Amino acid sequence: MLGWFKRLLVGRPLRSDRLGEQALAKRIALPIFASDPLSSVAYATQEILLVLTLGGLAYLYMAPWVGLAVCVLLAVVVVSYRQVVRAYPSGGGSYEVASRNLGQNAGLVVAAALLVDYIMTVAVSVAAGVDNIISAVPSLNPYRVVICVGFVVVLTAMNLRGVRESGRAFAVPTYLFIGGVLLMIVLGIGQALAGNAPVAESAGLQIRPEQTSVGLTGMALVIVGLRAFSSGCTALTGVEAISNGVPAFKSPKAENAARTMAAMGILAIVMFAGITALALISDVRYVEHTCDLVGFPGNCETDAQRTVIAQLAAAIFGGTDTVMFFFIQASTALILILAANTAFNGFPMLGSILAEHRFLPRQLHTRGDRLAFSNGIIALAAIAGALIYLFDGSVTRLIQLYILGVFTSFTLSQIGMVRHWNRHLGTERDPKERARMHRARIINAVGACLTGLVLIVVLATKFTHGAYLVVIAVPLLFAMMRAIRRHYDRVAVELVPDPGGMVLPSRIHALVLVSKLHRPTLRALAYARATRPDTLTALTAAITPEEVRALQADWDDRDIPVPLTVVESPFRDVTDTVLSYVARLNRDHPRDVVVVYIPEYVVGHWWEHLLHNQSALRLKARLLFETNVMVTNVPWRLRSSQAELKRVQLPEDAPKIPTR
């Protein structure tokens, strides 16, 4: 049943040699790797307005300048990462750049920051998408968390089916969103130029300031602007994902990735600038607490305010009951939810690289049935779902934990690229190539300065609003990865063969555990005899005298050629009795090996596991820690397992057993 459900959910397994078929064309790679930065424009403007309206309407005049600064920063980061894509096409992205040029510790800081960022991408994107669904259907507000978690489950299932298949599913909503937003921008600006500017539903409302604006000048005013800017920088989340996914592109991989990044940057800047301009033209009012809107229609305690993009769609397309309003809301909700797919591709890929370098568990390096990194996908979904639950699916609360990790990786990556070009300039002699490297170094140096400045701003303005959790999480992840690497290194040293090779044991003592005389016991005895050990003992623990006498009688009646050894078990604990016997045997023969044969039932139903093998499992778990002890399971298949055995068939391409 579980196998059937897995096939339904994930699909048929793909052979390893079909990995090349999963390579992506640019038109499919764009929605897969760029859906996060493209979707961020749906709420980046909203986050800017949310900060500026804390003082009422007094600071909205700063919004155009804040938006312009975000656009400039986005352009610089995109151009900078195009250099990363071309210089490091293996898919390590910021982690590889920092590790190679700044050292292992810097690389791990970047990796920890990116892992946190990918987790937050899923949580924030899904929560923002559900926000837009609730804007169209306000009655769904009480079920916000359930809907969010449900979408995380759906995204997980789609990504488990493979990168190429999920990309096809996500391509249409992404392009619909791009088309819808561009159409809205063109119509809205056209209406404004024609003298019929759109008016948002919140334009006539006043805002009750949470912070007094009296006498707020100088440094205090700068802090408000910087905080708005740091919130608007959410538009840059996910920009680095393409640099992590270069191996997924079709050849020429680096060039196709660079072109896709350029297309992503242009689209993101145009859409963000257009939405910000329209929000200011239509006088959108957006606040953190709905009750701060003076004159808000409805119950401000329970009713949610429509998002900025929802208000713009209603104003430009003629109301909240028009086809285009619902189209914009549906496509926005879809792209925001599917934007999490950027993380579902970036997190498992980065986790695989870190696992290959022994900084994360090796299981994260393994591809699943559909050639996707299934363990990484499931881990990401579980952590993001937990965050959504803990923060009640609130974008405003989750967003405070966002982008700090993004700019940490941005800054260290660009510093690493500057060192990369410095190193290559020391050996390059071709004038044209040196000129190109000088230009690239200037681009990365400017990027490092700007992103470093933004990192300081984000840390200063968001620390007390929740970013301190990320400041704690990144060092913890760093320490965990270092500890995992130390463990793997220690185990590797421990497993190095001795120069003289393995020393053969002097003798082998076989123990067959006997609870009663039945067919599984006889089979275990036969198998143990076939291995020709130096000594063979059938061992039973005496729980009650009656059981021992009955077993001894059966043993004698069958004339079994193996002596039955009975050991007293005064406390009725079979496990401790057997362990004590094995310990004495080890003590008397320290250079010998003891092989314990345990008869074990093979069952066909899950509930039968609860009824059988419990003592065997406990004993086996304890015996594994004993020195010079080997444990051999001797299976006996019950009838219930036969149906399962018939159902499982060898695949057509299974290797044939050679015969003589």
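Counting from 1, the numbers follow the sequence of the chain as shown. All figures in this text were calculated on a predicted structure; none of them were measured in a lab.
Nearest approach of A355 to R362, heavy atoms of both residues: O-NH1, 3.2 Å. Taking both residues in full, the closest heavy atoms of E600 and L617 are given as OE2-CD2, 4.4 Å, listed atom of the first, atom of the second, then distance. Considering all non-hydrogen atoms of both residues, L102 and L412 come closest at CD1-O, 3.3 Å. Heavy-atom minimum distance, V239 versus F410: CB-CZ, 4.1 Å. The minimum heavy-atom distance linking V593 with M630 is given by the pair CG1-CG, 3.8 Å. In plain terms, the two heavy atoms of P520 and Y601 that are nearest each other are CG-CE2, 3.9 Å.
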- request: Could you please spell out the steps behind the side-chain contact (heavy atoms from CB on, under 4.5 Å) verdict for I560 and L517?
  value: CA-CA 10 Å; I560 297 174; L517 188 57; 3.6 Å; yes

task: List the steps, then state whether salt bridge (Lys or Arg N to Asp or Glu O under 4.0 Å) holds for R558 with D554.
output: CA-CA 6 Å; R558 287 186 173 271; D554 288 344; over 6 Å; no

message: Working note: D576 + R622, criterion side-chain contact (heavy atoms from CB on, under 4.5 Å); need CA distance, chi angles, decisive distance, verdict.
response: CA-CA 9 Å; D576 283 345; R622 297 282 297 277; 3.5 Å; yes

- request: Applying side-chain contact (heavy atoms from CB on, under 4.5 Å), run through L579 and L623 and close with a yes or a no.
  value: CA-CA 7 Å; L579 286 171; L623 285 171; 3.6 Å; yes

message: Please evaluate residues F359 and I484 with respect to the criterion side-chain contact (heavy atoms from CB on, under 4.5 Å), reporting the C-alpha separation (whole Å), side-chain torsions for both, the decisive distance (0.1 Å), and the verdict.
response: CA-CA 6 Å; F359 289 113; I484 291 173; 5.7 Å; no

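Between V84 and S413 the shortest side-chain heavy-atom distance falls below 4.5 Å. Between V512 and V562 there is no side-chain heavy-atom pair separated by less than 4.5 Å. In this structure, the side chains of S409 and D117 stay at 4.5 Å or more apart for every pair of heavy atoms. A 4.5 Å side-chain heavy-atom check between T408 and V474 finds every atom pair outside the cut-off.
Without hydrogens or angle criteria, T531 side chain to A528 main chain gives a donor-acceptor distance under 3.5 Å. Under the 3.5 Å distance criterion, the side-chain polar atoms of R86 are left unmatched by any main-chain donor or acceptor of E255. Checked by atom type and distance alone, the side chain of N586 pairs as donor or acceptor with a backbone atom of T627 at under 3.5 Å. Within the 3.5 Å criterion, the main-chain N or O of V514 finds a donor-acceptor partner in the side chain of T540. Judged by distance alone, the side chain of N375 and the main-chain N or O of L364 form no donor-acceptor pair under 3.5 Å. Side chain of N101 to backbone of V97: a donor-acceptor contact under 3.5 angstrom is found. Not one N or O on the side chain of S352 forms a donor-acceptor pair closer than 3.5 Å with the backbone of P348. Counting only distance, with no hydrogens or angles, the side chain of K620 and the backbone of A616 share no donor-acceptor pair below 3.5 Å. The backbone N or O of T521 sits nowhere less than 3.5 Å from a side-chain atom of W636 that would complete a donor-acceptor pair.
The neighbour count for Y488 OH, taken as heavy atoms of other residues, nucleotides or ligands under 6.0 Å away, is above 12. Other residues, nucleotides and ligands contribute over 12 non-hydrogen atoms within 6.0 Å of the CD atom of E546. Atom CZ of R358 has more than 12 neighbouring heavy atoms from other residues, nucleotides or ligands inside a 6.0 Å radius. Applying the 6.0 Å contact sphere to CZ of R529 captures no more than 12 heavy atoms from other residues, nucleotides or ligands.
L476 CG to M481 CE: the interatomic distance, rounded to the nearest 0.5 Å, is 11.0 Å. Note: Y581 OH to L513 CG = 11.0 Å, rounded to the nearest 0.5 Å. Distance check: T537 OG1 to L525 CG gives 10.5 Å after rounding to the nearest 0.5 Å. If you take CD1 on I242 and OG1 on T260, they are separated by 5.5 Å, rounding to the nearest 0.5 Å. With rounding to the nearest 0.5 angstrom, the CD atom of E568 is 9.5 Å from the CD1 atom of I543. Note that the CG atom of N628 and the CD1 atom of I508 stand 11.5 Å from one another [nearest 0.5 Å].
Using a 30° and 60° split on the angle between ring planes, H424 and H420 fall in the tilted class, from 30° to 60°. Ring pair H357/Y95 is tilted by interplanar angle, where 30° to 60° counts as tilted. Between H509 and H589, the ring planes lie tilted relative to each other; the angle falls in the 30° to 60° range.
The only option from L511, V567, L619 that meets the side-chain contact (heavy atoms from CB on, under 4.5 Å) definition with V578 turns out to be L619.
Side chains of T577 and S569: a donor-acceptor N/O pair is present below 3.5 angstrom, by distance only.
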